[in-house]
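Written below as structure tokens is the structure these notes are about.
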Amino acid sequence: MHWRHGFFPILALGFAAALTARPVQAQTRVGEAAVVKNEVVRVAASSTTQISVGDALLRDEVVRTGLNSATRLVMADSTNLSLGPSATIKLDRTVFDDEHHYRDVAIRLTSGAFRFVTGHSDKAAYRITTPLATIGVRGTVLDILSQRGRTTVVLQEGASTVCSTSQQCLDLTQPGDTAIITSTGGRTTIQKTNNAPWTFAAICSTSAGLCSVTQYADATPVSPSVDDPAGILCGR
């Protein structure tokens, strides 16, 4: 019968396609959400999905918080990143040395308030950017506020080098050292002060566990209903 003559070539083509088809790459899990208060979403194209405590963070993912919302994300190398209300972050690049260490990790803080606590990776592996600044870290706890036309970087612990988009750089070496980068009329300037005009501490008490630091393996749900009036979770 003639159907056999058409069937076998089609079957052969199917096998060939299966053999040459590229395998679908699984999305890389690079961390998880340890604290979630109210609206915390992952953004993909024009859609958003609510993030819950324990949900995975994926490479190249955009995370956004809403009004009166906050989250703490724990990366695979135990970097802790806290986000205040109306904040947006993108996990731009993550290259692993092994399961719990990065060789290269780039984090883009688009807008909002953040606290960044480095994990177990080599400090040179971290690269944080805002629309106005590039921030290098060295065993660091940093508070970062990214606003339209202004970025504020406050050193809480360790050391950091902050560079503007115009390649002006300065070092933060003492707790309270602050870099303020402003952009006006196409001109970007950077200045240093030890009198910080802002810190993340005021946001810490808005959600239990927001400013705690946990290891990735120990990241567990924290109830946002627990009060912290003394600011103990912020180290105050």
Side-chain angles (χ1 to χ4, degrees), residues 30-31 57 59-65 72-84 86-97 101-203 211 213:
V30 297
L57 302 176
R59 181 179 294 169
D60 299 324
E61 190 158 63
V62 175
V63 176
R64 186 177 69 207
T65 59
R72 178 163 58 84
L73 311 176
V74 182
M75 308 296 286
D77 71 336
S78 295
T79 291
N80 280 242
L81 184 60
S82 303
L83 285 68
S86 302
T88 303
I89 181 177
K90 182 179 181 184
L91 307 174
D92 251 356
R93 185 175 62 254
T94 51
V95 180
F96 286 95
D97 260 343
H101 294 82
Y102 294 118
R103 183 168 67 250
D104 186 19
V105 54
I107 300 173
R108 185 186 302 271
L109 311 180
T110 306
S111 60
F114 310 87
R115 173 164 287 183
F116 178 88
V117 183
T118 54
H120 302 312
S121 299
D122 188 284
K123 306 315 174 202
Y126 298 97
R127 184 171 179 269
I128 306 171
T129 60
T130 76
L132 297 180
T134 299
I135 305 159
V137 301
R138 302 195 297 276
T140 303
V141 179
L142 289 171
D143 291 349
I144 303 169
L145 180 62
S146 179
Q147 302 167 293
R148 178 184 287 272
R150 183 182 177 98
T151 292
T152 304
V153 183
V154 184
L155 180 70
Q156 298 294 346
E157 183 181 311
S160 177
T161 299
V162 182
C163 297
S164 68
T165 52
S166 57
Q167 301 305 311
Q168 297 170 290
C169 300
L170 53 79
D171 292 325
L172 307 181
T173 58
Q174 300 296 322
D177 278 358
T178 302
I180 302 173
I181 304 96
T182 56
S183 178
T184 307
R187 180 171 177 265
T188 302
T189 61
I190 184 170
Q191 60 179 338
K192 181 178 177 180
T193 178
N194 195 255
N195 185 20
W198 165 90
T199 72
F200 196 83
I203 303 173
C211 294
V213 176

Inset, instruction - Identify the heavy atoms of Thr188 and Ser164 that sit nearest to each other, and give their distance. - result: CG2-CB, 3.9 Å
Legend entry - For Arg108, all residues meeting salt bridge (charged side-chain N to carboxylate O under 4.0 Å, His left out), sequence neighbours excluded: Asp92
Inset, instruction - Working to the nearest 0.5 Å, report the span between OG1 of Thr118 and CG of Asn80. - result: 9.5 Å
Legend entry - Approximate separation, where rounding is to 0.5 Å, of Arg72 CZ and Leu81 CG: 10.5 Å
Inset, instruction - Search all heavy atoms of Ala133 against all heavy atoms of Thr151 and return the closest pair with its distance. - result: CB-CG2, 4.4 Å
Inset, instruction - Please report the shortest heavy-atom distance between Val153 and Val162, naming the atom on each side. - result: CG1-CG2, 4.1 Å
Legend entry - Nearest heavy-atom neighbours spanning Thr129 and Arg127: CG2-NH1, 3.7 Å
Inset, instruction - Mind listing the closest non-hydrogen atom pair of Ser160 and Gly136 along with its distance? - result: OG-O, 2.7 Å
Inset, instruction - Check ring pair (Phe, Tyr, Trp, His ring centres under 6.0 Å) between Phe114 and all other residues, then give those that pass, not counting sequence neighbours. - result: none
Legend entry - Closest approach of Ile203 to Ala113 (non-hydrogen atoms, all atoms of both residues): CD1-CB, 3.6 Å
Inset, instruction - Could you grab the distance from atom CD of Glu157 to atom OG1 of Thr140, nearest 0.5 Å is fine? - result: 8.0 Å
Legend entry - Separation between CG of Leu132 and OG1 of Thr165, rounded to the nearest 0.5 Å: 6.0 Å
Legend entry - Residues that Arg138 engages under side-chain hydrogen bond (donor to acceptor under 3.5 Å, both in side chains), provided they are two or more places apart: Thr161
Legend entry - Backbone of Phe200 reached by a side-chain donor or acceptor of Asp143 within 3.5 Å: yes
Inset, instruction - Scan residues 109-163 for pairs that pass disulfide bond (SG atoms under 2.5 Å apart), counting only residues two or more places apart or in two chains. - result: Cys163-Cys169
Inset, instruction - With sequence neighbours left out, write down each residue that passes side chain to side chain contact (heavy atoms under 4.5 Å, CB included) with Ser86, or none if nothing qualifies. - result: Leu67
Legend entry - Polar side-chain atom of Thr110 near backbone of Ile89 as donor-acceptor pair, under 3.5 Å: no
Inset, instruction - Indicate yes or no: at least one non-hydrogen side-chain atom of Thr79 is less than 4.5 angstrom from one of Tyr126. - result: yes
Inset, instruction - Report the C-alpha distance between Thr189 and Thr182 in whole Å, list the side-chain angles of each, state the deciding distance to 0.1 Å, and finish with yes or no for side-chain hydrogen bond (donor to acceptor under 3.5 Å, both in side chains). - result: CA-CA 5 Å; Thr189 61; Thr182 56; 2.9 Å; yes
Inset, instruction - Only pairs at least two apart or in different chains count here, so list each side-chain hydrogen bond (donor to acceptor under 3.5 Å, both in side chains) that has a residue in residues 190-202. - result: Asp177-Asn194
Legend entry - Steps toward side-chain contact (heavy atoms from CB on, under 4.5 Å) verdict (Val30, Met75): CA-CA 6 Å; Val30 297; Met75 308 296 286; 4.1 Å; yes
Inset, instruction - Mind checking the CD1-CD1 spacing from Ile144 to Ile128? Nearest 0.5 Å is all I need. - result: 4.5 Å
Inset, instruction - Please check if the side chain of Thr130 supplies one atom and the backbone of Leu109 the other of a donor-acceptor pair under 3.5 Å. - result: no
